[in-house]
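Structure, as structure tokens:
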There are 2 protein chains.
Amino acid sequence: MQTGVPGPAPMRCDVCAIRHRAVCGALSGEELGMMNAISRQRVLQPGEPILSAGDPISWFGNIVTGAVKLTKLLSDGRQQIVGLQFPPDFLGRAFKERSPYFAEAATEVELCIFPKPAFEKILKEKPDLEFRLFQDTLDELDAARDWMLLLGRKTAAEKVASFLHLIARRSPMIGCAHHNGGDEIRFQMPLNRSEIADYLGLTIETVSRQIGRLKSDGVLQLHATREFSILDMDRLAAVSGE
Amino acid sequence: MQTGVPGPAPMRCDVCAIRHRAVCGALSGEELGMMNAISRQRVLQPGEPILSAGDPISWFGNIVTGAVKLTKLLSDGRQQIVGLQFPPDFLGRAFKERSPYFAEAATEVELCIFPKPAFEKILKEKPDLEFRLFQDTLDELDAARDWMLLLGRKTAAEKVASFLHLIARRSPMIGCAHHNGGDEIRFQMPLNRSEIADYLGLTIETVSRQIGRLKSDGVLQLHATREFSILDMDRLAAVSGE
DNA sequence: CGTTATGTTGATAGCCGTCAACATACGTGG
DNA sequence: CCACGTATGTTGACGGCTATCAACATAACG
């Protein structure tokens, strides 16, 4: 049980839900003790900023629960979400002084954070940790390229379907899945309509209309604005283009 | 001087144009000898395929000269260029059995290639090399996210201006810059109109029209369809959105 | 010089953005 | 608990940007 008091707690890592899936999975017992010593828990509310573009980076972190969005802005305010991260993703741009994007809590978020210098020291001493981060970065790059295909070439209908398919598939890992006995996939949407639009390069109105169309087509059901049930996963996949 | 005969040539690396800027820059003399021993030169013609999505990856490479495009396809043939690589970029998806994208020569390309197993062996033994690749991957991820902003939120005019600005800025490094005495930036476009369209998420007609508009606005001049001079770099930057 | 690939320009259509009105959910304080 | 205000989401009408279709021009190449 945790104390609720911030600061290092003895062997907090032992009960950590993402212990093995996060980058920490690359560390052995002793090394984990070092991480435990320098790490702290932090809870963020929806909309709370984590990093601002151009900000000096002073710490890194793992997402324990919740969803974090990475955004970029044009000077006139147009916005694009360039990354959406969930447990057990690593947060922060290593080896760079300043963040190239904004990071913001989309839902309530629990982070396990560690100071940049201390983490970079461990990184230098533990090649396995660096290797793990490298792997994760390669996977992120693959995901970014998949998204470039979506942004550049898919229609609004395909974009929305692709996004819902993505969230539905990953909902158990994300921690937003709801089960109601049947085998339909039910989850709570971690983003509001405006954020979905910013992720897909669309407007809120178009997102709303496309969700409405999928609803009237019987592909999904809305229990509340953010409570989705996918009734026909195959059809959702078919509509998503690929 | 090279012999033209494929296969390892004694100390080819010593005269390599990208020796210090490529990942090889992380290697010392002895290690470079190992790379030299396993590497071969390969020349590709424009349009020649390098990797197909889903293909088993059997080798990696550095781009010595030319431009390589990474593309992804939807099942109905829609295409998106998800990466554009120039000297001294590294080519290939490390730690994955199969390529997540197609790679194809855009111009004539000189590669320095090495077998995957041999390279991965050196990678395991030389943390500096892995670190260098990691850095490059992080930079690629940053670039991919910049492009996501362009694809999702920029207008056709801004997309074309951004792209021309990118090529103009990097033309010296890319090796397509032409100097004609004055300080105007002149270069040979490494992509044809269709490829530019696939990079920007547009059609060839829209690309052509936007280039035409920049021409009649006095921002640039066309000496041939692929010979550009940027007359007003500041205005090009201004039109590109950011 | 003919043939094909590449690029340009014009006319038209449609998808999606914009503007606007309305609906619903949420929170706060009376 | 209800009244009110605000934030979020939906729906409709309309317009503009960009895709599509088509014709033509230019370049590349044998």
Side-chain angles (χ1 to χ4, degrees), chain A residues 45-48 69 74 76-80 106-108 150-164 188-217 220-228 239 241, chain B residues 45-48 69 74 76-80 106-108 150-164 188-217 220-228 239 241:
Chain A
Q45 295 311 306
E48 199 169 334
K69 53 180 179 154
L74 295 176
D76 62 2
R78 280 174 288 174
Q79 195 167 5
Q80 176 68 41
T107 62
E108 180 175 299
L150 175 144
L151 291 172
R153 291 304 187 197
K154 287 192 181 178
T155 65
E158 291 168 336
K159 285 178 173 180
V160 170
S162 299
F163 172 70
L164 293 175
Q188 178 164 25
M189 173 58 60
L191 305 184
N192 64 28
R193 301 295 189 268
S194 170
E195 291 168 324
I196 298 174
D198 284 343
Y199 196 28
L200 298 175
L202 297 172
T203 61
I204 40 179
E205 294 93 334
T206 298
V207 169
S208 184
R209 274 186 258 269
Q210 295 300 336
I211 291 176
R213 213 171 62 81
L214 289 170
K215 191 169 59 175
S216 61
D217 286 356
L220 59 83
Q221 192 179 347
L222 281 182
H223 307 280
T225 55
R226 289 171 78 148
E227 278 288 324
F228 286 71
V239 179
Chain B
Q45 294 311 305
E48 200 169 333
K69 51 178 181 158
L74 295 176
D76 62 2
R78 281 173 289 174
Q79 194 168 8
Q80 176 69 41
T107 61
E108 180 176 299
L150 175 144
L151 291 172
R153 291 306 187 195
K154 287 191 181 180
T155 64
E158 290 168 336
K159 285 177 174 180
V160 171
S162 299
F163 172 69
L164 293 175
Q188 178 164 24
M189 173 58 58
L191 305 185
N192 63 29
R193 300 297 189 267
S194 171
E195 292 168 324
I196 297 173
D198 285 342
Y199 196 27
L200 298 175
L202 298 172
T203 60
I204 40 178
E205 294 93 333
T206 298
V207 169
S208 184
R209 275 187 257 269
Q210 294 300 335
I211 291 175
R213 212 170 62 83
L214 289 170
K215 192 168 60 174
S216 61
D217 286 355
L220 59 81
Q221 192 179 347
L222 281 182
H223 307 281
T225 55
R226 288 171 78 148
E227 277 289 324
F228 287 70
V239 179

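In terms of heavy-atom proximity, Val160(B) sits nearest to Gln210(B) at CG2-CB, 3.7 Å. Closest non-hydrogen pair, Lys154(B) versus Ser162(B), comes out as NZ-OG, 2.9 Å. Minimum heavy-atom separation, Ala156(A) to Leu202(A): CB-CD2, 3.9 Å.
Side-chain contact between Phe163(B) and Val207(B): absent, with no pair of heavy atoms (C-beta onward) separated by less than 4.5 Å. A heavy-atom distance below 4.5 Å is found between the side chains of Met189(B) and Leu164(B). Residues Leu222(B) and Ile211(B) meet the side-chain proximity criterion, which asks for heavy atoms closer than 4.5 Å. By the 4.5 Å heavy-atom criterion applied to side chains, Lys215(B) and Gln221(B) are not counted as neighbours.
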Name the pairs: protein N/O against N/O of nucleotides 25-30 of chain D, kept only if under 3.5 Å.
none

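Listed by residue number, the members of residues 201-214 of chain B with any heavy atom below 4.0 angstrom from DNA chain C are Glu205(B), Ser208(B), Arg209(B).
The backbone N or O of Ile204(B) lies less than 3.5 Å from no partner atom in the side chain of Ser208(B), so there is not a single donor-acceptor pair. Of the possible polar contacts, one joining the Glu158(A) side chain to the Thr155(A) backbone as a donor-acceptor pair under 3.5 Å is found. Using a distance-only test at 3.5 Å, with no hydrogens or angles considered, a donor-acceptor pair links the side chain of Glu48(A) to the main chain of Gln45(A).
Each of Lys154(A) and Arg226(B) has a nearest nucleotide on DNA chain C; the 5'-most of these lies closest to Arg226(B). Looking at which nucleotide of DNA chain D each of Leu222(A) and Arg153(A) is closest to, the 5′-most match is held by Leu222(A).
The distance from atom CD1 of Ile196(B) to atom C1' of dT18(D) is 17 Å, rounded to the nearest whole Å. Look at CE on Met189(A): it is 16 Å from P on dT8(D), rounded to the nearest Å. For the pair Arg193(A) CZ and dT11(D) P, the interatomic distance rounds to 10 Å; values are reported in whole Å.
You can see that DNA chain C meets the heavy atoms of chain B within a 4.0 Å-exclusive cut from dG7(C) to dA11(C), reading 5' to 3'.
The existence of a salt bridge linking Asp198(A) and Arg153(B) is confirmed by a sub-4.0 Å separation between a basic side-chain nitrogen and an acidic carboxylate oxygen.
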